[in-house]
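Notes to accompany the following structure.
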Amino acid sequence: VQLQASGGGLVQTGGSLRLSCAASGRSFSASGMGWFRQAAGKEREFVGHISWSGSSTHYADSVKGRFTISRDNAKNMVYLQMNSLTPEDTAVYYCAARSIRYWRSPDTEGRRESEYDYWGLGTLVTVSS
């Protein structure tokens, strides 16, 4: 699976952005998809995960209620809708494909980086105050 994230940019506090992740590869529809982010000087952190079917999503507490992940398996796309952005959301955002060994796994949270086999190049989101 090859991944390409896009949609980052500069936005003011309180604004919104939608990130997109285009995927190629036969196993996409069987892969849970995650979003992670890395702020300058900090470790990469989990943002959210959507199951292979799209029926289950999980989010970091810091973004719960503000961010929404969705996917369109017919288009091989995953989206991260980000609302009510704050400067603390400034980071490079990465999409990642979870290993297919988790296909239909009861573990649907996808919080650990080690669960992901493929990573895209990140897209920078900057939130100004």
Measuring only between side-chain heavy atoms, which start at C-beta, is Ser20 closer than 4.5 Å to Met77?
yes

Could you state the interatomic distance from CD1 (Ile69) to SG (Cys95), rounded to the nearest 0.5 Å?
10.5 Å

Between Val47 and Phe67, is there a side-chain heavy-atom distance shorter than 4.5 Å?
yes

Mind checking the CE-SG spacing from Met33 to Cys21? Nearest 0.5 Å is all I need.
4.5 Å

When clusters are formed by joining ILVMFWY residues with side-chain heavy atoms under 4.5 Å apart, either directly or through shared neighbours, do Tyr79 and Val63 land in the same one?
no

Looking only at heavy atoms, which two atoms of Tyr94 and Arg44 are closest? And how far apart?
CD1-CD, 3.7 Å

Kindly list each side-chain donor-acceptor pair under 3.5 angstrom involving residues 117-129, sequence neighbours excluded, with atom names and distances?
unit_1, atom_1, unit_2, atom_2, d
Asp117, OD2, Ser99, OG, 3.3
Thr123, OG1, Gly8, N, 3.0

Between Ala23 and Phe28, what is the shortest heavy-atom contact and its length?
CB-CD1, 3.3 Å

Donor-acceptor side-chain pairing of Arg37 and Tyr93 below 3.5 angstrom:
yes

Could you grab the distance from atom CZ of Arg71 to atom OG of Ser51, nearest 0.5 Å is fine?
7.0 Å

Considering only heavy atoms from C-beta outward, does the side chain of Trp35 approach that of Val78 to under 4.5 Å?
yes

No-hydrogen, no-angle side-chain donor-acceptor test under 3.5 Å, Thr108 and His58
yes

Nearest heavy-atom approach of Ala97 to Val1 is CB-CG1, 4.3 Å

Assess whether atom CD of Gln38 is packed by more than 12 heavy atoms of other residues, nucleotides or ligands within 6.0 Å.
yes

Closest non-hydrogen atoms of Ser16 and Gln81, given as atom of the first, atom of the second and distance, are CB-NE2, 3.9 Å

Just to verify, which of Ser53, Ser29, Ser31 counts as forming a side-chain contact (heavy atoms from CB on, under 4.5 Å) with Asn73?
Ser29

Regarding Arg111 and the six-membered ring of Tyr59, is the cationic atom NZ or CZ under 6.0 Å from the ring centre and inside 45° of its axis?
no

Could you state whether Ile100 and Tyr116 fall into the same hydrophobic cluster, counting links through intermediate Ile, Leu, Val, Met, Phe, Trp or Tyr residues with side-chain heavy atoms under 4.5 angstrom apart?
no

Between the side chains of Asp107 and Arg98, is the shortest nitrogen-to-carboxylate-oxygen separation below 4.0 Å, so that they form an ion pair?
yes

Using the disulfide bond (SG atoms under 2.5 Å apart) rule, collect all pairs that involve residues 33-90, keeping only residues at least two apart or in two chains.
none

Could you state the interatomic distance from OG (Ser24) to CD (Gln2), rounded to the nearest 0.5 Å?
4.5 Å

Measuring from Glu115:CD to Glu109:CD, what's the distance to the nearest 0.5 Å?
9.0 Å

Starting at CG of Leu10, measure out to CD of Gln12 and round the result to the nearest 0.5 Å.
8.0 Å

Indicate, with yes or no, if Leu85 and Phe36 share a hydrophobic cluster defined by side-chain heavy-atom contacts under 4.5 Å among Ile, Leu, Val, Met, Phe, Trp and Tyr.
no

